[in-house]
Amino acid sequence: MFPMNADADISPHNLRWYARPHRVRIVSLAGLSFVGGGMEAAFLLIATRAGLAVAGGEETILLWPSRTVSIWTGIATAGLLVSFRLIPALGNVAISTRLAELVTVTERDRLANAYFEASWPIRETEPAGRLQHLLIAFTERIKNLASSLSQGVTAAVSLTALLVFSLLVDPLATLLVLGSLSVLVFALSPIRRAVSRSASTATAVQVQFAEDVAELGGIGLELHTFGVADAVRHRLSAQARKEARARRRVDGLVQAVTPLYISFAYALVLAALIAAIQIGEGELQSFGAVLLIMLRSLTYGQQIQTTMAYVKNELPVLTQIESSIGRYSSEREPVGNRPVSTMTPVVFHDVGFEYTEGVPVLTGVTFEIEQGEVVGVIGPSGSGKTTLIQLLLGVREPTVGTVTVGGHDLRTVRRADLARLVGFVPQTPTILSSSVRDNVTFFRDQIPDELVLAALRRAHILSEVSEMTEGLDTFVGERGSSISGGQQQRLSIARAVLENPQLLLLDEPTSALDSESEAVVRTSLREVASISTVVIVAHHLSTLDICDRIMIVRDNRIEAFDTPQRLREDNDYFASINQSGVLQ
């Protein structure tokens, strides 16, 4: 497929943008179809004349103007035509299936590339399940659209070959065939317009249904805790019925095309038979052959009508895919080109950030973190702590101000260097449904087992992995279901320290753990802190024990940034949480 320009509307008239990379195959498809259609027309002509000759007691047939042959020669020629016609027919099958494969792969690559090159803010706001639905269900429908268009091209070119051959035999009868097909196209145009309108509505409903399934299907213990299983089931059922009704309307219109076409076509055949009765006996063979060609032409016409209806049905899907690609491409992930070898000092200079214009999340943030420091970040919920981490990771850019690492603006730093020099442990880590090794390397397949074992040792989980049945190859269950929360968190820490990052960022790594698991993770953090500069968004007061300095974020500002001892003496907020033992 070929990416359309931003101003193009998706319609049958500009599907050529998608066909351009495959024009050689499409031309080959058309050429084979024309050859096959010509052979078919010749077969129909010879077969009809042979049949009428046998019925009339004749021994010869007119194979071509001024060329008479015996009936058996004609039959043998027809047999050869049938045999040789199989070659272009099978060639068309090979080309059309290859086209469908290429279109599917290309569209999936375009979608995936656009999504993973999009900025984090774009991906974060993407509804759950949309990418999965686009990559699987919608690209499958695009594959079917490509197959249908291939069949339409084959039918149109084969029809052209039939009409060209028919024109040489009987121009007047051929004009009758052309007129009949034109009437059919005109008569069914209202149905195609109705298909287009209904398909747009049905596609939007289908996307919404997929997003609802992804969201509601991911509800965990809350579903049972609050006793809302029936309410969720009823909502999904209502959405499923709505989606099914929308698809039924489209399917009904698409399927109505065939019986309507056949009824109109049969009426035209009857009209042709009436005309044949009026023809003199001398023209009967020629007109009979053209009549048979007309019947076959109507079959190809039916295929063309079906293709046109199918295109109308699937164009909204193409629109959804292009819309999604456009949305992903509207804001690319920052790609710097400046190489860096050190991440410190980390400096925020008068940084402000807004998700919504006029609603500040961080304001006037200025601080510096030196190499080897362990910094804790605390503050009330919603004060901007996670946003601060995302700014440090470079997945968000400041609305105002600058973030520099090693003396360079973070926006200009090469992404590959950031990936190598920065480690990250989220509050809820993503655990792959795979082995321990795969969860630590996390798609970095070039990492040797020696480094994996060293990372597991620093994360204080190596002994537990060694006791597992298959060691590094142990399957951790669906999304880590076979291991504890503490083990999941420590696997995430091992993943983050695998390449000895200079800067390690942790976003509330112990918030969901029990006291025993938290103590083990805290030991892991002490080990990690000996080799990296560490910034920890803390949820538990005990996590702050390993911190050299603590940053207090309140009211979207840095209220204080100092050693724990000085904060106990000078900061009322820190003094109160030390007294109560609870981070507020």
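The shown structure was predicted, so the numbers you read here are calculated from the model rather than taken from an experiment.
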For residues T441 and R444, report the shortest heavy-atom separation together with the two atoms involved.
O-NE, 2.7 Å
Quick one: sort the F348 and F367 rings into parallel, tilted or perpendicular, breaks at 30° and 60°.
parallel
Does the side chain of Y328 pick up a donor-acceptor pair with the side chain of E126 at under 3.5 Å?
yes
Side chains of I142 and V103 in contact at under 4.5 Å (non-hydrogen atoms):
yes
Carboxylate-amine/guanidinium contact E499 R420, below 4.0 Å:
no
Charged N to carboxylate O below 4.0 Å: is that the case for E464 and R490?
yes
Around atom CZ of R248, are there more than 12 heavy atoms of other residues, nucleotides or ligands at under 6.0 Å?
no
So, the side chain of S329 versus the backbone of G326: is there a donor-acceptor pair under 3.5 Å, distance only?
no
Polar side-chain atom of R338 near backbone of H408 as donor-acceptor pair, under 3.5 Å:
no
Would you kindly say whether D507 and T386 are connected by a side-chain donor-acceptor distance under 3.5 Å?
yes
What's the shortest heavy-atom distance between A538 and I378, and which atoms?
CB-CG2, 4.0 Å
Residue of the set V24, I26, L29 for which side chain to side chain contact (heavy atoms under 4.5 Å, CB included) holds with I95
L29
Within the structure provided, determine whether P501 and L421 are in side-chain contact (heavy-atom separation under 4.5 Å).
no
Between the side chains of T387 and Y355, is a donor N or O closer than 3.5 angstrom to an acceptor N or O?
yes
Taking NZ, NE, NH1 and NH2 as the nitrogens, is one of them in D409 or R411 under 4.0 Å from a carboxylate oxygen of the other?
yes
Please report the closest heavy-atom contact between I493 and A459, naming both atoms and the distance.
CG2-CB, 4.0 Å
Side-chain donor or acceptor of T366 paired with backbone N/O of D350 under 3.5 Å
yes
Give a yes or no answer on whether the side chain of E107 reaches the backbone of T104 with a donor-acceptor pair at less than 3.5 Å.
no
So, the side chain of T106 versus the backbone of L102: is there a donor-acceptor pair under 3.5 Å, distance only?
yes
Mind checking side chain to side chain donor-acceptor pair (under 3.5 Å) for T139 and listing every partner two or more places apart, or none if nothing turns up?
R108
Is the number of heavy atoms from other residues, nucleotides or ligands under 6.0 Å of Q371 CD greater than 12?
no
Decide yes or no for V317 and L315: does some side-chain heavy atom of the first lie under 4.5 Å from some side-chain heavy atom of the second?
no
Only residue of V377, V375, I552, I550 satisfying side chain to side chain contact (heavy atoms under 4.5 Å, CB included) with F561 is V375
Heavy-atom neighbours of H349 NE2 exceed 12 at 6.0 Å:
no
Would you say that more than 12 heavy atoms from the other residues, nucleotides or ligands in this model lie under 6.0 Å from the CG of D473, or not?
yes
Given salt bridge (charged side-chain N to carboxylate O under 4.0 Å, His left out), test E370 with R549 step by step and report yes or no.
CA-CA 11 Å; E370 297 293 342; R549 289 194 293 165; over 6 Å; no
Heavy-atom pair of closest approach, residues K385 and S383:
CG-OG, 3.6 Å
Please check this pair: side chain of S492 against backbone of Q488, looking for a donor-acceptor N/O pair closer than 3.5 Å.
no
Ion pair present between E322 and R110, side-chain N to carboxylate O less than 4.0 angstrom?
yes
Pair E331, S119 - check side chain to side chain donor-acceptor pair (under 3.5 Å), show working.
CA-CA 6 Å; E331 187 178 318; S119 67; 3.0 Å; yes
Just so I know, are the side chains of E354 and V361 near enough to count as touching, which here means a heavy-atom distance under 4.5 Å?
no
Under 3.5 Å, side chain of T412 to main-chain N/O of G336, donor-acceptor pair present?
no
Would you check if the side chain of T363 reaches a backbone N or O of R557 as a donor-acceptor pair within less than 3.5 Å?
no
Do N337 and R415 get their side chains close enough for a donor-acceptor pair, meaning under 3.5 Å?
no
I'd like to know if the side chain of R458 reaches the main chain of A494, judged simply by a donor and an acceptor atom lying under 3.5 Å from each other, with no hydrogens or angles considered.
no
Quick one: does L472's side chain get under 4.5 Å of D438's, heavy atoms only?
no
In the structure I gave you, are the side-chain heavy atoms of L505 and L503 within less than 4.5 Å of one another anywhere?
yes
Side chain of Q502, backbone of M343: donor and acceptor closer than 3.5 Å?
yes
Do E368 and V346 make a side-chain contact, defined as non-hydrogen atoms from C-beta onward lying under 4.5 Å apart?
no
Can you see which heavy atom on L504 is nearest to which on S532, and at what distance?
CB-CB, 4.3 Å
